[in-house]
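In what follows, a single structure is set out as structure tokens and then discussed.
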Amino acid sequence: MKPTIKHFLTLLDVSPEEANNIVQRGITLKAKQKNGEAHPTLAGKALAMIFDKASTRTRVSFETGMFQLGGHALFLHSGTTQLGRGEPVEDSARVISSMVDMVMIRTFDHAMVEKFAEFSSVPVINALTDLTHPCQILADVMTFVEHRGAIQGKTVAWIGDGNNMAHSWINGSVTFGYTLNIATPDGYAVDEDVLTLARSKGAKINICSSPQEAVQGADLVTTDVWASMGQEEEQKIREAAFKVYQVNTALMSHANDDALFMHCLPAHRGEEVSSDVIDGKQSVVWDEAENRLHAQKALMEFLMGVL
Ligand code: CP
Ligand code: NVA
């Protein structure tokens with residue numbers, strides 16, 4: 001019988017135990033890398049990286065991660081592939097997956113990644129769609145664990161847009177067992193289906209009426225840009241709607257004294273976060289960015305059956 005292919009399209013594709021193992025393995029791999037200990041667990045394997053959107057962290061972390069694991073990564077920009085010229089997703093999936101061992105995709109429509117996975121003969125990783133960004137949460141939880149220990153039972157506050165990052169924090173509350181408080185402006189709420197599914201799986205999620213309410217008792221405060229990739233023309237209108245949703249010192253003063261601040265980056269200082277918060281003592285954004293590398297190496301090992 002053909003073995004089942006493991007994909008990572010949302011955090012709900014892994015069990016809580018698997019997700020925690022990936023995080024712990026990320027911490028181990030980070031130590032190995034820092035100690036100069038070779039760990040070529042994916043020697044001879046290839047990862048195709050399909051990008052329909054810009055990226056700094058995701059590209060550098062996956063490409064470097066494959067190199068450190070002894071494998072190879074191919075950067076495929078939509079503008080230079082036949083996929084970008086209209087070759088059907090299912091045809092591209094069959095062909096690309098016949099030559100590589102894993103595929104990573106960053107695109108707009110989440111359904112494209114689902115379709116690619118359906119026709120792929122190898123694991124597919126969602127490296128950001130308009131709906132979710134699950135790789136980021138692996139790195140973020142790893143960062144919380146490094147700084148504060150287990151995240152289960154802690155409280156996370158999401159402030160800002162009901163976007164792909166918000167949805168992945170929602171899914172993460174199922175997988176990692178934290179309580180999630182969400183504050184979004186009118187008209188920018190999270191997706192009802194994502195919320196309903198997470199709640200049906202036991203997630204503790206509170207929709208709050210203000211940022212101040214959401215950060216009460218929070219161990220971690222997190223936010224993201226007000227206009228995501230593909231929404232650039234909405235920037236001005238969003239600035240007005242999100243004005244009182246800035247994470248600044250005044251807002252952080254309502255959270256727990258030892259609350260951490262996270263942001264997936266890139267950040268817009270003076271918009272969704274003030275400089276004194278993102279560059280201040282509670283911010284762990286640089287660890288969070290670096291941990292993309294370590295957490296995703298663990299994820300790739302898991303999908304390849306090495307972990
Ligand atoms: N956080 C994140 O995914 O960053 P990039 O867009 O730079 O990959
Ligand atoms: N919400 C942002 C995240 C970038 C990593 C975007 O989709 O542009």
Side-chain angles (χ1 to χ4, degrees), residues 6 8 11 13-47 49 55-73 101-102 104 106 123 125-128 133-152 154 156 165 168-169 171-172 175-178 219-220 222 258-267 278-279 281-307:
K6 284 186 266 194
F8 186 67
L11 280 158
D13 287 338
V14 289
S15 69
E17 191 190 353
E18 289 168 337
N20 282 299
N21 285 344
I22 291 168
V23 168
Q24 287 305 324
R25 178 66 178 164
I27 292 171
T28 302
L29 288 172
K30 184 174 185 174
K32 283 186 191 291
Q33 187 61 29
K34 303 265 179 216
N35 294 335
E37 209 181 305
H39 44 280
T41 52
L42 298 185
K45 305 288 185 197
L47 168 76
M49 307 187 299
S55 167
T56 296
R57 280 141 289 267
T58 303
R59 177 177 177 187
V60 175
S61 56
F62 271 108
E63 193 163 332
T64 307
M66 266 316 258
F67 173 73
Q68 292 176 357
L69 291 171
H72 178 72
D101 301 281
M102 271 178 295
M104 181 235 85
R106 166 168 286 199
I125 300 168
N126 170 6
L128 183 144
H133 191 10
C135 293
Q136 184 70 52
I137 302 299
L138 295 178
D140 293 1
V141 169
M142 175 177 158
T143 307
F144 189 92
V145 170
E146 284 181 326
H147 284 268
R148 296 282 185 265
I151 198 166
Q152 186 170 22
K154 300 287 187 183
V156 177
M165 278 304 304
S168 281
W169 278 107
N171 290 338
T175 315
F176 290 108
Y178 51 76
D219 302 291
L220 165 60
T222 186
D258 66 347
L260 296 175
F261 172 76
M262 290 192 194
H263 189 309
C264 66
L265 305 178
I278 194 168
D279 298 319
K281 284 206 296 276
Q282 288 167 282
S283 173
V284 289
V285 297
W286 311 123
D287 292 339
E288 201 189 339
E290 180 190 332
N291 286 339
R292 293 291 303 280
L293 169 68
H294 309 297
Q296 286 159 200
K297 283 166 71 181
L299 171 68
M300 291 191 286
E301 284 189 343
F302 166 75
L303 294 173
M304 295 308 295
V306 173
L307 174 58

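For clarity, every value in this text was computed on a predicted model and none was experimentally measured.
- Within the 3.5 Å criterion, the main-chain N or O of Val60 finds a donor-acceptor partner in the side chain of Thr64.
- The nearest pair of heavy atoms linking Val23 to Leu138 is CG2-O, 4.0 Å.
- Listed by chain and number, the residues in a side chain to side chain donor-acceptor pair (under 3.5 Å) with Thr41 are Glu301 (sequence neighbours excluded).
- The backbone N or O of Ser55 sits nowhere less than 3.5 Å from a side-chain atom of Thr58 that would complete a donor-acceptor pair.
- Under the side chain to side chain contact (heavy atoms under 4.5 Å, CB included) test applied with Leu220, the options His147, Met262, Arg148 reduce to a single match, Met262.
- For Glu290, the salt bridge (charged side-chain N to carboxylate O under 4.0 Å, His left out) partners at least two apart in sequence or on another chain are Lys34.
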task = Report the C-alpha distance between Glu18 and Asp13 in whole Å, list the side-chain angles of each, state the deciding distance to 0.1 Å, and finish with yes or no for side chain to side chain contact (heavy atoms under 4.5 Å, CB included).
result = CA-CA 10 Å; Glu18 289 168 337; Asp13 287 338; over 6 Å; no

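- A distance-only check finds a donor-acceptor pair linking the side chain of Ser283 to the backbone of Ile278 [under 3.5 Å].
- Judged by distance alone, the side chains of Gln296 and Asn291 never bring a donor and an acceptor atom under 3.5 Å apart.
- A donor-acceptor pair under 3.5 Å is formed between the side chain of Asn126 and the backbone N or O of Leu128.
- Residues His72 and Met66 approach most closely at O-CE, 3.8 Å, considering heavy atoms.
- Residues forming a side chain to side chain donor-acceptor pair (under 3.5 Å) with His263 (at least two apart in sequence, or on another chain): Glu272.
- Val14 and Thr175 get closest at one heavy-atom pair: O-CG2, 4.1 Å.
- Nearest heavy atoms, Cys135 versus Phe62: SG-CZ, 3.9 Å.
- The environment of Lys30 atom NZ is dense: over 12 non-hydrogen atoms of other residues, nucleotides or ligands sit within 6.0 angstrom.
- A donor-acceptor pair under 3.5 Å is formed between the side chain of Tyr178 and the backbone N or O of Trp169.
- With Phe144 as the aromatic partner, Lys154 does not meet the cation-pi criteria of under 6.0 angstrom to the ring centre and within 45 degrees of the ring axis.
- Between Glu146 and Val284 there is no side-chain heavy-atom pair separated by less than 4.5 Å.
- In summary, of the residues considered (His39, Lys32, Arg25, Arg292), a side chain to side chain contact (heavy atoms under 4.5 Å, CB included) with Lys297 occurs for His39 alone.
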